[in-house]
Amino acid sequence: MKNLSSDILTEKEEQPAMESATPISGSEAVIRSLIEEGVETIFGYPGGAIMPVYDALYHFQEKIHHILVRHEQGAAHAAQGYARITGKPGVCLVTSGPGATNLVTGITDAMMDSTPMVCITGQVFANLLGTDAFQEADVIGITAPITKWSYQITDADEIPEILSKAFYIACTGRPGPVLIDITKNAQTALMTREFAYAKCTKIVSYRPRMQPKADQVEAAARLINEARKPYLFVGHGVLISKAEEELKAFVDKTGIPAACTLLGLSAIPADHPLYVGMLGMHGNYSTNRLINEADLIIGLGMRFDDRVTGKVTDFAPHAKVIHIDIDPSEINKIIPADAPVVGDAKEALKALLPLVEQRRHDSWLAEFKELDKQEYEKVIKDDLYPEEGQIKMGEVIRRLSEKTSGKAAIVADVGQHQMEAARYYRFSQTDGYITSGGSGTMGFALPAAFGAKVGSPEREVVAIIGDGCFQMTLQELGTIWQSELPVKIIVLNNNYLGMVRQWQQLFFDRRYSFVELKNPDFITIAKGFGIDGMRICEREDLDSALDTLLESDKAFLLEILVEKELNVFPMVPAGASVSAIRLE
């Protein structure tokens, strides 16, 4: 996704606008603009360069709910969790210098995973720019490569129009983060004209294609109707475009086996007869092995990243490729497309449905089922139903899935626990798996789970976190405590940086270089933040502990001591062909 230049121009249109009778300050214009955009929640942390906006916010607390995080990175990840579960843009508000730079990890994550986010940062007075003033940082220069658009406001009169553009850019086309940096003089000065807010609906140099071209759709349909072994890759774009119903109709009509990328999980129910599992380095055995047997690959709302393709030169050598994506820069970037379709996933499926034939691919589907039996015997049975030894991550996820009927929103951090949650939670409700995909950000889950709970308070939200990841952002327990939201937290503790240890075992002759963790008492830490918790290490305590977690009407931390040297299989070795996937 390319960064849009800061000289974007808006096409003016006649439309209703919010106006104020007298000039107001730039800081009040910021808050009024957010209200006009329908923003209900802001995740933020105040400081000197953004203080005028916080002062204005003080007078609008009945209209906008501000949540005080404990670190600006937590604000970014919470905004991501909120956006991923609601589809609305997450909003962050922080100060200049370190406040702004602390957002960078979350902004990068949002850019990689196509998450709509509007970040507002304070900045020093315009006359001090470039002087290395106290807490000055070139946040525009820093974030230009990791945002869809970044812009610095130095004049109060710019605020309504720029914020209107920011929300439009963040939410349209392929979603992503936008950063608006506002100098302090622009916040404190009065606007020279009456405040008027008009929502942006068009930008001259930014025209994302929603409706795909008819000839592209027709070419794709011909390949689908001719294929004997077609294979559908379902990506995050399906969830972003809310195309789950169209996906189901397409799969049911064409009979094509469908696998999900990591971020595409929950787009199709786990019990659908044509769902064959997860793609990727630690995906299912059949889903990876049979890529190179397919004669047609359909990439729907996904970008053919390296975790899915493995060695690109050996990827799907016998297959034609249809690539459906709203971002034209993704087409042919990694895998050449025989039939590119540029457009929104929902609209593309709607256009394809009348053109594709009613078919079944039973013998092709049977090949997946046969390989699934091998994976079950060699990997899954022991992961889910161990008879001895320490508790395994997989059996925790299995029991959690059963107890929640696959309907919880699982917010996973990064590592072995992330892969086990993705593999073994049986998603039955959409937007069910929220994790850091492209960036792989440790520390994502705790603040993101909180943001998801803010966005969907009626839904059970469960954070699945490793002991290493938990210590990256555990200060956000304070945010959870203060908010009084019942976020459920499971820490799967193996006293290792587990995924790094696995690689060191498999590829570095067991040279465990700085991966063993001497962990603190997580339960005592949680209690210090006013959050109840418990620790278990015996299998016979697992069911009752999960019941205690899920039945609590408050936030709760369950720490489970799991097998220390567990390895996640299957596994495609880095740089290898997907057909080289290993079961052990």
Side-chain angles (χ1 to χ4, degrees), residues 1-6 8 80 83-84 87 89-90 107-118 143-150 165-179 200 202-217 219-220 232-243 246-247 260-264 267 279-280 297-309 312 315 321-352 436-439:
M1 180 161 51
K2 295 179 179 178
N3 178 277
L4 300 168
S5 71
S6 60
I8 284 176
Q80 287 179 272
R84 293 273 289 274
I107 293 172
T108 304
D109 200 294
M111 185 71 169
M112 291 286 278
D113 289 350
S114 305
T115 304
M117 190 160 68
V118 175
T143 61
I146 54 169
T147 54
K148 281 187 75 176
W149 187 48
S150 54
K165 290 179 184 177
F167 279 91
Y168 179 72
I169 293 169
C171 299
T172 53
R174 180 179 177 179
V178 169
L179 184 136
C200 180
K202 285 184 181 179
I203 292 176
V204 170
S205 56
Y206 172 59
R207 295 181 182 274
R209 175 178 292 279
M210 298 293 289
Q211 189 67 44
K213 293 181 179 179
D215 61 334
Q216 292 184 341
V217 175
L232 176 63
F233 293 178
V234 178
H236 190 197
V238 172
L239 292 164
I240 292 171
S241 66
K242 306 298 181 187
E246 289 78 8
L247 171 65
C260 287
T261 67
L262 185 70
L263 296 187
L279 295 159
I297 299 291
I298 306 165
L300 176 61
M302 51 83 69
R303 56 190 180 85
F304 290 104
D305 70 285
D306 61 296
R307 285 300 197 260
V308 166
T309 63
V312 172
F315 179 81
V321 175
I322 298 170
H323 193 178
I324 302 170
D325 202 287
I326 199 166
D327 184 354
S329 71
E330 290 295 342
I331 305 294
N332 297 321
K333 186 172 83 174
I334 297 171
I335 300 296
D338 298 279
V341 179
V342 178
D344 177 73
K346 189 183 187 81
E347 297 303 321
L349 288 172
K350 283 182 179 178
L352 276 169
S436 172
S439 192

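Just so you know, residue 1 is the first one in the sequence shown, and it goes up from there. Quick caveat: nothing in here was measured; it's all calculated off a predicted structure.
In this structure, a donor-acceptor pair under 3.5 Å is absent between the side chains of Gln211 and Asp344. Thr115 and Asp113 share no donor-acceptor pair across their side chains, judged by distance under 3.5 Å alone.
Of all heavy-atom pairs spanning Ala345 and Ser241, the tightest one is CB-OG, 3.5 Å. Listed here is the closest heavy atom pair of Val234 and Ala267: CG1-CB, 3.8 Å. Of all heavy-atom pairs between Val308 and Met302, the closest is CG1-CE, 4.1 Å. Taking each heavy atom of Ala220 and Leu352 in turn, the nearest pair found is CB-CD2, 4.1 Å. Residues Pro116 and Pro175 come closest through the heavy atom pair CD-CB, 3.7 Å. When all heavy atoms are compared, the tightest approach of Ser150 to Thr143 is CB-OG1, 3.9 Å.
Panel note: side chain Asp325, backbone Gly301; no donor-acceptor pair is recorded below 3.5 Å. A donor-acceptor pair under 3.5 Å links the side-chain atoms of Thr261 to the main chain of Gly264, judged by distance alone.
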(request) Run the numbers on Val342 and Lys213 for side-chain contact (heavy atoms from CB on, under 4.5 Å), then give the verdict. (result) CA-CA 8 Å; Val342 178; Lys213 293 181 179 179; over 6 Å; no
(message) Assess the residue pair Ile326 and Met210 against the criterion (side-chain contact (heavy atoms from CB on, under 4.5 Å)); give the C-alpha distance rounded to whole Å, side-chain angles, the decisive distance to 0.1 Å, and a yes or no.
(response) CA-CA 7 Å; Ile326 199 166; Met210 298 293 289; 3.7 Å; yes
(request) Under the side-chain contact (heavy atoms from CB on, under 4.5 Å) rule, what do Val238 and Leu300 come out as? Steps first, then yes or no, please. (result) CA-CA 7 Å; Val238 172; Leu300 176 61; 3.6 Å; yes
(message) Show, in sequence, the C-alpha distance, side-chain angles and deciding distance for Ile322 and Asp338, and conclude whether the side-chain contact (heavy atoms from CB on, under 4.5 Å) test is met.
(response) CA-CA 6 Å; Ile322 298 170; Asp338 298 279; over 6 Å; no
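If you take OG1 on Thr147 and CG on Leu179, they are separated by 6.5 Å, rounding to the nearest 0.5 Å. Summarising the geometry, atom CZ belonging to Arg303 is positioned 6.5 Å from atom CD belonging to Glu330; distances are rounded to the nearest 0.5 Å. The CD atom of Gln80 sits 8.5 Å away from the OG atom of Ser439 when rounded to the nearest 0.5 Å. Here the straight-line distance linking atom NE2 of His236 with atom CG of Leu263 works out to 5.5 Å at 0.5 Å rounding. Here Ile298 contributes atom CD1 and Leu232 contributes atom CG; the two are 5.5 Å apart, rounded to the nearest 0.5 Å. Separating the SG atom in Cys171 from the NZ atom in Lys148 is a distance of 8.5 Å, to the nearest 0.5 Å.
Side chains of Pro212 and Glu347 form a contact here, defined as non-hydrogen atoms less than 4.5 Å apart. The closest side-chain heavy-atom distance from Ser114 to Arg174 is below 4.5 Å. Two residues are said to be in side-chain contact when any heavy atoms from C-beta on lie closer than 4.5 Å; Cys200 and Phe167 fail this criterion.
Annotation: side chain to side chain donor-acceptor pair (under 3.5 Å) contacts of Glu246 (sequence neighbours excluded): Lys346. Applying the ring pair (Phe, Tyr, Trp, His ring centres under 6.0 Å) rule to His323 yields the partners Phe304; only residues at least two apart in sequence or on another chain are considered. With sequence neighbours excluded, the residues that form a side chain to side chain contact (heavy atoms under 4.5 Å, CB included) with Thr172 are Tyr168, Tyr206, Pro208.
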